[in-house]
Amino acid sequence: MKHYLSINDLENLQEAVKEAIAIKENPHQLKTIGNQKTVCLLFFNNSLRTRLSTQKAAMNLGMQVTVMNFGSEGWQLEFEDGTIMDQGKSEHIKEAAQVVSQFADIVAIRAFAGLIDKEKDEAELVLNGFRNYASIPVVNMESSVTHPLQALADAITLEENKTKEKPKVVLSWAPHPKALPHAVANSFVEMMKLQDAEFVITHPEGYELNPKITKGCTIVHDQEKALENANFVYVKNWSSYSDYGEILSQDKKWMMTKEKLGNAKFMHCLPVRRNVVVEDAVLDSNQSLVIEQANNRTYSVQLVLKRILEKL
Ligand code: CP
């Protein structure tokens, strides 16, 4: 694998999940594969899980790790070609990406959607800027549109917890006071389309995700109906895609409760707002898989780094 920008960069999801579970059983089995190799983590946005799990995975492989909060510490980047740079932006992506390539063997990028300009967000200026101008492999630690490391961790968690060959998995929208990006939901949908499962998406009208991503998926606007006989319920807020970045509803009836969850397992990528997105009784129950999902972030990224290192 050269880059990891999307869940579809894994040739075979099922094989990747099996390999990640084997890595989890013995995380130090490849502790020299990354000797004398450096991964540089560039954060344009905040993180807890992605930052710590990526550092841990890289260290498990014997790599050196450099981390920079680019959003607050780096020069403001220009992405347009041919711009006269006489305003606020000090450095062009062309130089920045090539310079980072002098100091690292792999670069991992987190750069969220701004949720103001759909076209600009979908152009993935930061991620694609690094992919176009860096001379080293690029890993997506959550971009404007996707979060494939989270989706792989979620696939590992589903595999470890499923009790039937073809489980019913529901992706349910939940209310949130802030406008959130679509990346986690998008990558979860892309990952579920590669699974042998009954997959249902439920959300209020107006919260349809990008139809190119959800093409072929079952979408139900009645949450109660969607949740019937679910084995896994993945809860996530996202802002409107059609009214780009808008909050159209804060309807508390969409919050996940123990009663609505029934016997299903609860999943969320975290961070999560208690008693807004999901009630305490769910998170504090043994039906919640959120800590397992967070733990599996290490093995998700370890699998990705290993596969890239093998091709360096
Ligand atoms: N789920 C996730 O990516 O967590 P962080 O934003 O804390 O990295």
Side-chain angles (χ1 to χ4, degrees), residues 4-7 9 17 20 24 39-60 65-73 106-115 121 124 126-127 138-158 160-161 171-174 176-192 209 232-239 256 265-274 276-278 282-283 288-305:
Y4 186 64
L5 305 176
S6 147
I7 191 84
D9 287 329
V17 167
K24 185 175 179 178
V39 59
C40 175
L41 316 185
L42 299 181
F43 286 91
F44 290 76
N45 304 95
N46 296 349
S47 170
L48 171 62
R49 282 141 289 273
T50 303
R51 181 165 173 165
L52 295 185
S53 63
T54 307
Q55 289 191 61
K56 184 169 167 63
M59 291 187 294
N60 285 348
V65 187
T66 53
V67 185
M68 184 170 174
N69 292 319
F70 207 105
S72 55
E73 296 164 2
I106 300 173
V107 60
I109 314 278
R110 163 163 285 200
F112 291 171
L115 293 178
D121 284 345
E124 296 276 30
V126 181
L127 192 72
V138 178
V139 174
N140 180 351
M141 296 195 297
E142 187 171 344
S143 67
S144 295
V145 181
T146 59
H147 195 356
L149 287 173
Q150 181 66 52
L152 179 54
D154 297 336
I156 297 166
T157 311
L158 285 169
E160 289 178 324
N161 287 280
L171 171 62
S172 180
W173 180 90
H176 198 283
K178 288 177 72 179
L180 297 189
H182 310 93
V184 170
N186 285 343
S187 283
F188 189 74
V189 171
E190 288 179 336
M191 182 274 287
M192 285 309 305
L209 292 161
F232 295 92
V233 179
Y234 198 105
V235 175
K236 184 72 187 85
N237 168 269
W238 58 88
S239 54
M256 189 49 53
K265 296 285 188 187
F266 172 80
M267 298 179 74
H268 190 284
C269 62
L270 301 181
V272 70
R273 288 182 185 237
R274 281 175 171 253
V276 175
V277 170
V278 53
V282 173
L283 284 170
S288 173
L289 298 178
V290 298
I291 305 303
E292 288 188 46
Q293 285 173 265
N295 185 35
N296 282 333
R297 290 295 306 275
T298 298
Y299 310 106
S300 154
V301 69
Q302 198 166 325
L303 177 279
V304 166
L305 292 175

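Along the sequence shown, residues are numbered consecutively beginning with 1. Numbering of ligands and ligand atoms starts at 1, following listing order.
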Residues in salt bridge (Lys or Arg N to Asp or Glu O under 4.0 Å) contact with Arg273, at least two apart in sequence or another chain: none
Side chains of Asn186 and Glu190, donor plus acceptor under 3.5 Å: no
Residues Asn140, Ser143; criterion side-chain hydrogen bond (donor to acceptor under 3.5 Å, both in side chains); working and verdict: CA-CA 6 Å; Asn140 180 351; Ser143 67; 3.2 Å; yes
Qualifying residues under side-chain contact (heavy atoms from CB on, under 4.5 Å), relative to Ser144, sequence neighbours excluded: Ala113, Asp121, Glu124
Lys24 atom NZ: more than 12 heavy-atom contacts under 6.0 Å: yes
Ligand 1: protein residues within heavy-atom distance under 4.0 Å: Ser47, Leu48, Arg49, Thr50, Arg110, His147, Gln150, Cys269, Leu270, Arg297
Partners meeting salt bridge (Lys or Arg N to Asp or Glu O under 4.0 Å) with Glu292 (sequence neighbours left out): none
